[in-house]
Amino acid sequence: MDKLEKNKFTEDYIENLQRITLKNFDDTSEKDKYDALCDTIMERINQEWRFSKNKSRYERTAYYFSAEFLIGRSLGNNLINLGIYDQVKDLLDELGIDFEAIEDYEDDAALGNGGLGRLAACFMDSAATQDINMYGYGVRYREGLFKQSFENGFQVEKGDSWIKDGDGWSIRVDSDSRIVKFKDQQVKAVPFDMPVVGYKNGKVNTLRLWQAEPFEEFEFERFNNFEYDAAVAKKNRAEDITRVLYPNDIQRAGRLLRLKQQYFFVSASIQDLVAKYKRYFSDDLRFKNFHKYHVIQLNDTHPNIAIAELIRVLVDENGLEFEEALDIAKKVFAFTNHTVLQEALEKWPIDIVEEVSPRCLEIIYKINDMLVKSFKEKGLTETEIDPYRIVIYDQVHMANLAIYVGFSVNGVAALHTEILKDDTFSHWYKIFPNKFNNKTNGITPRRWLVYANRPLSSFITEKLGNDNWKYNLDELKALEKFVDDESTLNELWNIKQVNKNRLASYILEHEGIKINPESIFDIQVKRIHEYKRQHLNVLHIIYLYHQLKKNPYMDFYPTTFIFGGKAAPGYFRAKGIIKLANEVARVVNNDPDVNKKLKVVFVENFRVSYGEKIYPAADVSEQISTAGKEASGTGNMKFMLNGAPTLGTLDGANIEIFDHAGEENNYRFGATVEQLNEIESSYNPRGIYQTNKDIKDAVDALVNGELDDNNSYMFLDIYNELINPQDGSRADRYFVLKDFQDYKNAHEKINKDYRDKLEWSRKCLMNIANAGYFSSDRTIIDYADDIWKIDSPNY
Ligand code: 26W
């Protein structure tokens with residue numbers, strides 16, 4: 001922005017502020033100021049948005065179908081991507097407005113649970129920045145992921161009605177509304193379009209989120225007949241469909257309403273694509289070229305009913321033959337898997353599918369018949385065909401549907417893709433090896449570094465002499481030339497300290513806990529799940545606590561352990577782990593014998609905007625899942641990019657992080673997938689417990705009265721899982737005790753290494769310098785090149 005543009009912005013801003021509030025400047029509230037700022041920014045996006053839309057109309061485009069887009073806040077990110085963040089901050093400053101207070105006014109758009117939803121949001125940013133045509137299609141949940149608070153250390157969930165005061169970043173496009181037909185009701189799908197601004201390149205893609213509304217606003221006949229309740233009930237039943245995001249990650253919901261949600265957004269999206277195609281390619285009545293303009297990426301199994309829906313629309317509404325339509329589907333759909341945990345792989349009972357869309361179920365049966373027929377022709381027997389069947393034991397296997405019809409199946413990290421090929425989908429790999437490919441995840445450097453870590457971002461630009469790294473993150477590699485430069489390493493240390501100070505005051509203000517900003521910030525933030533092993537971290541803290549109690553003068557560098565993350569409301573054991581961490585925090589933080597050296601904080605309501613403050617302040621990144629279980633992880637990349645060494649297992653993308661940044665700059669521990677597979681059948685956690693006193697003391701603390709779970713039996717439940725299984729299953733399914741000793745050793749090394757400031761800073765620098773591969777720009781270009789065959793004009 002030059003001076004003229006800046007003045008114009010100020011002028012527009014004040015005008016908008018007064019227009020929407022009818023107040024004098026001095027009387028406007030913070031919300032007013034935030035709203036007016038949104039408007040002023042949206043006005044600036046509008047023109048380029050229209051231009052981008054028109055330009056891409058006749059170009060090949062990828063459609064990213066996802067039940068979740070975990071966007072977080074848009075204000076700061078849009079300003080960064082428009083290239084006017086600092087200027088707008090300054091001009092607000094000149095008007096006496098505190099920009100950070102305004103920023104904090106914005107609610108996170110928490111339309112996702114975790115990794116998969118946040119990945120979708122990073123992809124949107126990267127596609128726009130790389131000038132790749134990509135539309136996001138999803139659901140406009142009225143209630144996002146629940147807000148978490150703690151009462152007495154227990155997680156309590158509250159609603160998240162993020163749009164109750166409006167939503168300044170979307171545009172309601174009534175004219176593109178579609179009707180979605182279920183077996184027992186019809187609803188209107190109204191699209192809300194959000195602009196996705198590329199980084200300083202004029203490209204604006206669209207994220208289209210559908211909201212369910214009653215087909216007719218109100219049935220007056222009923223109203224007149226005093227059937228008011230019935231009329232309201234019908235309206236509610238329509239709105240119910242997009243009322244709330246299901247808060248389960250991993251555990252599938254299996255509920256009618258959840259499948260309705262999936263079918264709702266998928267049906268509206270498919271209708272949208274087909275209607276637009278007919279408008280712009282009106283002479284292609286048999287959709288011969290449809291696949292040349294469309295590729296649909298299915299974000300896990302959640303949108304997979306789109307395959308049946310596309311066939312339904314082509315056959316029933318456009319007169320194509322079934323085979324013709326199936327052939328088109330085979331060229332259009334690609335599928336991404338995000339987890340190998342069996343409990344997450346969606347299987348829908350046929351009666352639920354039939355209750356949602358009988359016609360789609362019929363089509364699914366038909367596809368299944370074709371599958372069986374063609375596999376018999378290949379010489380497979382009925383039983384050999386069983387694992388491939390789309391319908392079996394009265395259930396529809398959504399992954400099988402997508403792998404059979406789709407032309408591409410990808411995992412999200414190298415190890416994960418290998419596990420898909422060797423294990424989860426090995427039968428499919430035998431038949432369709434060419435469909436399988438890997439696309440290691442990435443994160444957007446704009447949100448996770450340029451925006452979240454201003455000091456580090458300026459430092460990098462200064463050291464490299466330009467800011468090309470923001471467009472091509474591989475350029476960070478050039479930072480390696482400073483590995484032996486003391487003053488650079490000291491600067492880097494000081495930047496980390498600034499970020500730690502900032503987080504410490506934020507935590508004091510929001511959690512009421514005072515932490516030592518000079519202590520090691522050892523952080524684990526992610527959804528709570530047994531396979532992610534937050535309880536391994538907690539058991540280790542209990543161990544440290546015992547040691548410090550016995551020997552308060554022990555040689556131990558002060559450490560603050562920070563946790564964040566939500567448990568699915570119905571996941572008892574995950575909630576127990578939260579209670580346990582909070583209870584250990586209570587005991588440790590209140591014990592004057594140890595609390596100068598050891599502190600524990602579980603931050604409330606971890607979310608995207610909290611992450612923006614946490615990742616830049618971390619000294620140690622805890623990535624401690626059981627080997628083979630974490631498909632990729634993306635938090636690991638956010639920590640790395642902000643200069644925190646990883647303390648991690650050989651799992652998911654950790655492996656690739658170690659490869660790129662060097663093992664010597666990170667802390668690897670724990671058993672490998674192969675080792676775990678080998679010991680699996682003879683694994684005896686009780687043996688470990690009985691022979692390792694440190695472990696025994698830590699585990700016993702769960703049940704010997706040292707810790708209080710307020711009679712919830714949550715700690716006993718964790719104890720039983722570890723050494724005393726109740727249901728005949730094996731104890732310690734996630735090998736917590738197996739990896740404990742190695743984990744403890746790694747921590748000891750960290751605690752020593754951290755004291756050598758230069759050596760530590762060097763590790764941080766090496767992590768930053770080698771984070772280029774983990775940019776979602778690289779990932780999205782790989783999707784565009786290998787799967788979508790869409791040119792990125794920049795490459
Ligand atoms: C049906 C319920 C349900 C809901 C969400 C099942 C499964 C999911 C997702 C697969 C959970 C998820 O977010 N998976 C994460 O995806 C990230 C992005 O690829 C990976 O980095 C994480 O390792 C993976 O756990």
Side-chain angles (χ1 to χ4, degrees), residues 64 66-70 110-123 138-139 141 145 245-255 257-259 261-262 297-305 335-348 352 396-399 402 409-417 419-420 424 438-444 525-533 565-571 574 608 623-640 648-649 651-657 734 774 776 779-780 782-783:
Y64 201 78
S66 177
E68 305 188 3
F69 287 90
L70 218 186
L111 309 185
N113 275 287
L116 151 149
R118 182 55 231 173
L119 184 73
C122 283
F123 282 2
V139 184
Y141 302 103
L145 184 61
L245 167 78
Y246 274 88
N248 325 33
D249 99 324
I250 306 300
Q251 193 70 344
R252 65 192 123 99
R255 307 293 287 269
L257 191 59
R258 163 87 178 171
L259 186 65
Q261 231 171 37
Q262 298 180 350
Q297 191 71 41
L298 300 165
N299 201 21
D300 216 87
T301 50
H302 318 155
N304 283 5
I305 199 163
F335 168 58
T336 307
N337 169 279
H338 294 267
T339 175
V340 299
L341 295 190
Q342 280 305 319
E343 55 269 42
L345 296 181
E346 286 185 301
K347 295 169 191 162
W348 287 103
I352 288 190
V396 180
H397 285 229
M398 303 312 276
V409 180
N410 77 280
V412 291
L415 174 72
H416 172 230
T417 301
I419 294 174
L420 292 184
T424 320
N438 175 246
K439 294 288 167 282
T440 297
N441 284 166
I443 55 164
T444 168
V525 286
K526 50 182 78 248
R527 284 297 286 256
I528 313 301
H529 198 289
E530 288 165 274
Y531 85 79
K532 295 177 189 281
R533 299 199 296 190
K566 298 176 185 180
Y571 188 174
V608 173
Q623 307 300 336
I624 61 177
S625 52
T626 312
K629 299 297 180 199
E630 188 69 89
S632 164
T634 45
N636 46 4
M637 303 167 186
K638 293 163 197 166
F639 283 110
M640 178 196 197
T649 46
D651 199 18
N654 296 351
I655 298 177
E656 290 158 83
I657 287 177
Y734 295 101
F774 303 100
S776 47
T779 315
I780 212 72
D782 284 352
Y783 274 83

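Order of appearance sets the numbers: ligands from 1, and atoms from 1 within every ligand.
At least one side-chain heavy atom of Leu145 sits less than 4.5 Å from a side-chain heavy atom of Lys566.
Residue Ala631 approaches ligand 1 through these ligand atoms, each under 4.0 Å from one of its heavy atoms: 23 (O). Residue contact check: Asp300 has heavy atoms under 4.0 Å from atoms 10 (C) of ligand 1. For ligand 1, the atoms sitting less than 4.0 Å from at least one non-hydrogen atom of Thr339 are 10 (C), numbered in the order shown with element in parentheses. Below 4.0 Å from some heavy atom of Gly633 lie the following atoms of ligand 1, by number and element: 20 (C), 21 (O), 22 (C), 23 (O). Close approach of ligand 1 to Val412 is summarised as follows: ligand atoms under 4.0 Å from at least one heavy atom of the residue are 19 (O).
The closest donor-acceptor contact from the side chain of Glu346 to the backbone of His302 lies under 3.5 Å. With hydrogens and angles ignored, the 3.5 Å screen pairs no side-chain donor or acceptor of Asp651 with any backbone N or O of Leu415. With hydrogens and angles disregarded, no donor-acceptor distance shorter than 3.5 Å links the side chain of Glu68 to the backbone of Leu116. Checking side-chain atoms of Asp300 against main-chain N and O of Asn337 turns up no donor-acceptor pair under 3.5 Å.
Atoms CZ and OG1, on Phe774 and Thr444 in that order, are 15.5 Å from each other to the nearest 0.5 Å. Annotation: the span from Arg527 atom CZ to Asn248 atom CG amounts to 8.0 Å, rounded to 0.5 Å. The CD1 atom of Ile655 sits 10.5 Å away from the OG atom of Ser632 when rounded to the nearest 0.5 Å.
Of all protein heavy atoms, the one lying nearest to atom 13 (O) of ligand 1 is Leu116 N, 2.9 Å. Ranking protein heavy atoms by distance to atom 7 (C) of ligand 1, first place goes to Ile250 N, 3.7 Å. Nearest non-hydrogen protein atom to atom 2 (C) of ligand 1 is Gln251 O, 3.5 Å. If you check which protein heavy atom lies closest to atom 4 (C) of ligand 1, you get Asn248 O, 3.5 Å. Nearest protein heavy-atom contact of atom 5 (C) of ligand 1 is His302 CE1, 3.7 Å.
Asn113 does not count as a contact of ligand 1, since none of its heavy atoms falls under 4.0 Å from the ligand.
Under 4.0 Å from ligand 1, not a single heavy atom of Arg118 appears.
Taking any N or O of Asn441, backbone or side chain, at least one lies under 3.5 Å from an N or O belonging to ligand 1. At under 3.5 Å, a nitrogen or oxygen of Ser632, whether backbone or side chain, sits near a nitrogen or oxygen of ligand 1. Checked by distance only, ligand 1 and Tyr531 come closer than 3.5 Å through their nitrogen or oxygen atoms.
In this structure, of Met398, His416, His338, Glu630, the residue bringing a heavy atom nearest to atom 14 (N) of ligand 1 is His338.
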Working for side chain to side chain contact (heavy atoms under 4.5 Å, CB included), residues Asn410 and Tyr783: CA-CA 10 Å; Asn410 77 280; Tyr783 274 83; 3.0 Å; yes

Going through the checks in order, is the side chain to side chain contact (heavy atoms under 4.5 Å, CB included) test met by Ile624 and Glu630? CA-CA 9 Å; Ile624 61 177; Glu630 188 69 89; over 6 Å; no

